[in-house]
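Right, one structure below, let's go through it.
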Amino acid sequence: MTEKSEKTERIERYVPGPIEAKWQRLWAERRVAYVDTAVPGNEYYLLNMYPYPSGSRLHVGHGRNYILGDALYRRERMAGRKALNPMGWDAFGLPAENAAIQSGVPPREYTLANIARMKEQLHALGCLYDWSKELASCDPGYYRWNQWLFLRMWERGLAYRKTAPVNWCPGCRTVLANEQVVDGRCERSDDLVETRDLTQWFFRVTDYAERLLEGLDRLPHWSDRVKTMQRNWIGRSEGAEILFRVDGLTEPIRVFTTRPDTLFGATFMALAPEHPAVALLAERSEAPRRREIEEFVERVRRESRLERESEGAAKEGLDTGFRAVNPATGAPIPVWLANFVLPDYGTGAIMGVPAHDQRDFEFARRYRLTVTPVYRTRESDPGGAGDVDGNAMTEAAPHGGVLYRSGAWDGTPNGPEAIGKAIGWLEEQGFGKGKIGYRLRDWLISRQRYWGTPIPAVHCPACGVVPVPDADLPVLLPEDVEFRGVEGNPLEQSQAFVQTRCPKCAGPARRETDTMDTFVDSSWYFMRYCDATNDDAAWDRKVLAQWMPVDQYIGGIEHAILHLMYARFFVKALADMELLDAQEPFQALFTQGMITRDGAKMSKSKGNMVSPVPIVERYGADTARCYILFIGPPDQDADWSDEGVEGVHRFLGRLWRLSADVAETTGHRPLDGPAEPPQGDDLELLRKAHWAIEKVTNDMAGRFAFNTAISAVMELVNEAYRRREAVAPEALHFAAATAASLIFPFAPHVAADAY
RNA sequence: GCCGGAGUGGCGAAAUGGGCAGACGCACGGGACUUAAAAUCCCGAGGGCCGAGAGGCCCGUGCCGGUUCGACUCCGGCCUCCGGCACCA
C-alpha cells in the first residue's frame, strides 16, 4: 500500500464502534453527569418520564424520548448550566405480576432483569444520566417514602376510605381508577369493566379541582393540547344546587343544575339508581312497588359501564310513586329513577326540565310527563303574549328569548342575568345556592394486587382502621407468596404479612392488603431524585427548593391527563403541608409524538415493536440518534421507516472525514487552537458557519426543531466538504470545528472525537 | 355535539411578526473513481406545455371566497384525517 492510499484509507473509513465505546467509557469513568444537588448555582433540571420496565427491549419511540432529553441535556451542559438529568424505573405494576403467573419468575426478579437490560440499551444509545440518583419504585428505600407520604395525606384528610361502586376489571381482578377505563373497557387488558361495591382508599383530588384548573393558566410552556385535555377532564361547570322536599322523607333531595333559571319548568325529578335515598324510598313503599324499585336498581347496576354510558342507550325509568315539591311553583312533581342519571356526577339527582333539555325531553315523551316551556322566543310566539304548547314540541327548545311563567323572573332574557336572578332567589329563600360542579372525581388508589406499595394501615377489631406509625416503615412486601392466577389478592396468602398487632392497642389485627396504584409512585419521583440518597426524609426541603420545579419535562402524550394531573395534585397538596415550596411540578412540558408502525401504536402485545438496537449495531449510536431526531418534528407523530438511515450515516461520515482531514493538514484537531481568519472566497464558508450557528441555536431553543437543526449542520458540512480542496485550511478548520460543536448534542461521540 | 391539532413533490419534510414554495434527507436518473463491486464523490429533478438549444410560458401548498402590490402564512365559509371530552344535568 502506498502512503497516499494509507492516508485515504484512514481518513475515509468512519467506524463508529470503537469511537463510541471509547467515549462512553470515558464519560462513565469520569462520572461527568454527576451533580451534587446540595451545592447551589445555575441549576437546570431536565427530566424524562421514567420508563416502565415491562419488557427487556426499548422501542424507537422510547428511543426518541430519551434521545430528545439527552440532546437537550448536553446542550445545557455546553451552555455552562449545572444540569441534572436523572433516570429511574416505574417498577411496580401488573405486567410483572402477570409474568410471574405465566412463567413462575417472581415479580422482583423479572423486573430487575428488565431494568438491567433497558439500562444497557440506554447506555448503548449514548444517553448520559446521573446514575448516582437512580431509583426504582419497587425498592423499599423508595416505597417507604411512598407510604410516608400516604400517611401525610391521611393525616390531612386527603386519603380516606369509602364504600363505593367501583370499576372492576375481571381480567386483572382488581379495581381501576375512572381514568383507567377507556370506552367502558380496561385500559390495559381491554376487558369489559363491571361495577362492584367495595370499600376502597381514595385521594381527595376533587378538593384541588379549582386549583388544578387555575394552575394551568400559569403554565405557558405547556401545549394547549395538554392543557385542554386537563381542562376537559376537570370539567368545571357553574350552576346551582337546589333542595327539593320529598313527601315521606325528612331530608330534602339535592339536585345540581347549570340552569337554575329554568326551575319553573322542572316537571319531574330523577334519581340515579345508586342514590342513597332510593333505599329509603323502597323501604317506605308498598310491596309491589318496592319490588319494582329493587328490580329496576338491580337491572341498571348489572349493565356494564359501556352499555349504560353509550349514547344510543335507551332512557329507562321507573316512577317511584313519591312526589317532590318544585320550590318555585309549589307544585308536586313525580320522583323517578332513571338509568341516564349518573351516581357520581353532581348530586346523583336531577331536576327534569323537558322543555329545555333534550335528554329530559326524550325521557318525558317516553313516560308521558308534562312539558312546560319557560322561555319563549319570537318564533314560538309570534303574537308576543301567547303560550307555547309543550305538547306540540318535537324536541327540546334551545335556550333563547325571555323567561315567562316564571313569576318575578318573567321577561328576563336568557343568559347570565337570568341564572343570577335564580341563584339570588334560591339563596334568599333557603332553597339552594350557587355551586360549581366538576367532572373530576376522587382518585381511587387501592389495588387488590401484590406488586405495588403496601398501604400502611392496620385493621383492628377494637380500634378500627389504624395508620402504621412512621417508625415502622417501610411495610415490606412479603416474599412468601405464590402466583397461580387464582381469585383474590396474592398478598392475602402471606400469613406473616396479614397477621399483625394493632399499633394502638397491641391486640391482634389484620394488615391492609391493598396496594397503591402505581400512579402514586410516579407522582413524586422527580422530587426524590433531587435528594435520592436521603435516608432520614423523602427529601430535604432546602435542596428541593433549588431544583423544583423541573425546568423541562419530556414524555409521551399518553400521560397528558393521568400522570401529569396526579403529579400536580401531589405538589399542591404537599406544598400545603409545607413539605415543599413549588406550586407546580413541571415548568415546561414537551410531549413528543408517537412513533407508529404502519399507523399502529407499537406494543409488545401486537409484536410490532421496532428496536433502535439494530441501527446502533450497524451504524452506531450517533447515526441512530440523529436519524430518530431527523425523521420529523419531534412533537408530531411519525410512522416508522428506516429508509433514510443511510443518509444520516453518510453525513456523519463526511463530518468525521472532514475533521480527520483538517487534523491531517493543519496538525491539530478542529477545536485545538485558533485558526487564522479566513479571507477572500473563504468568507462564504465562514458565513455559512455563522448561519448554521444561528439556525441551530434558534431551532433548539423552545422550538425543539431538531430535524431542521440537524439539516443546517448537514448544509454546513456538505459545503465545507465539497470545497475542501479549494479553501484555506483555516477556513476548513473553522467550519469543521463549528459543525462538530453544533452536532455535539445529537451525535456526541463523533463530535467529541472530532474535538 | 363541544374542544384541541393537522392537511405542501414518489416519500419523510422545510419555509408562518405575509416577500423567490419544496431547504435537508430518502428513493430515482445521469456521471466520476474501480478489472468489478462496495465505499466515496459530482450533477439533475414539483407538474404540464413550447423550444434543436440556451431558455421561456402556464399551473401548483385539502376546497370555495376575501384582504393585500404580494398569501402555505391573515380573514370568512366548508371538506377530510388524528387526538381529548361527552346521557356531565
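When reading the values below, keep in mind they use all heavy atoms of this one structure, side chains included, and skip hydrogens, waters and symmetry mates. Reminder, nothing fancy here: chain letters follow the sequence lines and each chain counts from 1.
- Ranking B:A89, B:C42, B:G4 by closeness to the A:Leu342 side chain, first place goes to B:A89.
- Between the CZ atom of A:Arg439 and the P atom of B:G84 there is a distance of 13 Å, given to the nearest Å.
- Under the side chain to side chain donor-acceptor pair (under 3.5 Å) criterion, A:Gln636 pairs with no residue at all, not counting sequence neighbours.
- When the shell of 6.0 Å around CD of A:Glu214 is examined, it contains more than 12 heavy atoms from other residues, nucleotides or ligands.
- Heavy atoms of A:Ile350 sit under 4.0 angstrom from at least one base atom.
- When each of B:A13, B:G5, B:U40 is scored by its nearest atom to the side-chain atoms of A:Asp224, the top-ranked nucleotide is B:G5.
- Scanning RNA chain B for stems, defined as runs of 3 or more consecutive Watson-Crick or G-U wobble pairs whose donor-acceptor distances all fall under 3.5 Å, gives the following ranges: B:1-7 with B:79-85, B:10-12 with B:24-26, B:28-32 with B:40-44, B:46-50 with B:55-59, B:62-66 with B:74-78.
- When each of A:Asp360 and A:Ile557 is assigned the nucleotide of RNA chain B with its nearest heavy atom, A:Ile557 is the one assigned upstream, toward the 5' end.
- Residues A:Arg441 and A:Val205 share a closest heavy-atom pair of O-CB, 4.4 Å.
- For A:Ser237, the side-chain contact (heavy atoms from CB on, under 4.5 Å) partners are A:Phe256, A:Thr258, A:Tyr345, not counting sequence neighbours.
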Below 3.5 Å is the cut-off: list the nitrogen or oxygen pairs between protein and nucleotides 26-32 of chain B, distance only.
from, atom 1, to, atom 2, distance (Å)
B:C26, OP1, A:Arg650, NE, 3.3
B:C26, OP1, A:Arg650, NH2, 2.6
B:C26, O3', A:Glu643, O, 3.3
B:C26, O2', A:Glu643, O, 3.1

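- Under a 4.0 Å N-O distance rule, the pair A:Asp360/A:Lys315 does not qualify as a salt bridge.
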Within the sub-3.5 Å range, which N or O atoms of nucleotides 22-24 of chain B have a protein N or O partner, and how far apart are they?
from, atom 1, to, atom 2, distance (Å)
B:A23, O2', A:Glu715, OE2, 2.9

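- Nearer the 5' end of RNA chain B, as judged by each residue's closest nucleotide, is the contact made by A:Ala638, out of A:Ala638 and A:Tyr438.
- Ring geometry for A:Phe704 against A:Phe590 counts as tilted: the plane angle lies between 30° and 60°, on a 0 to 90° scale.
- With a glycosidic angle more than 90° from 0, B:G18 adopts the anti conformation.
- Contacts of A:Ser237 with the nucleic acid, taken as non-hydrogen atoms under 4.0 Å apart, involve only primed sugar atoms and P, OP1 or OP2.
- Between A:Trp409 and A:Phe264, the ring centre distance stays below 6.0 Å.
- Between A:Tyr627 and the choices A:Phe706, A:Tyr619, A:Trp640, the ring-ring contact (aromatic ring centres under 6.0 Å, His included) rule is met once, by A:Trp640.
- With hydrogens and angles ignored, no donor-acceptor pair under 3.5 angstrom links the side chain of A:Arg225 to the base of B:C3.
- Partners of A:Arg64 by salt bridge (charged side-chain N to carboxylate O under 4.0 Å, His left out), not counting sequence neighbours: none found.
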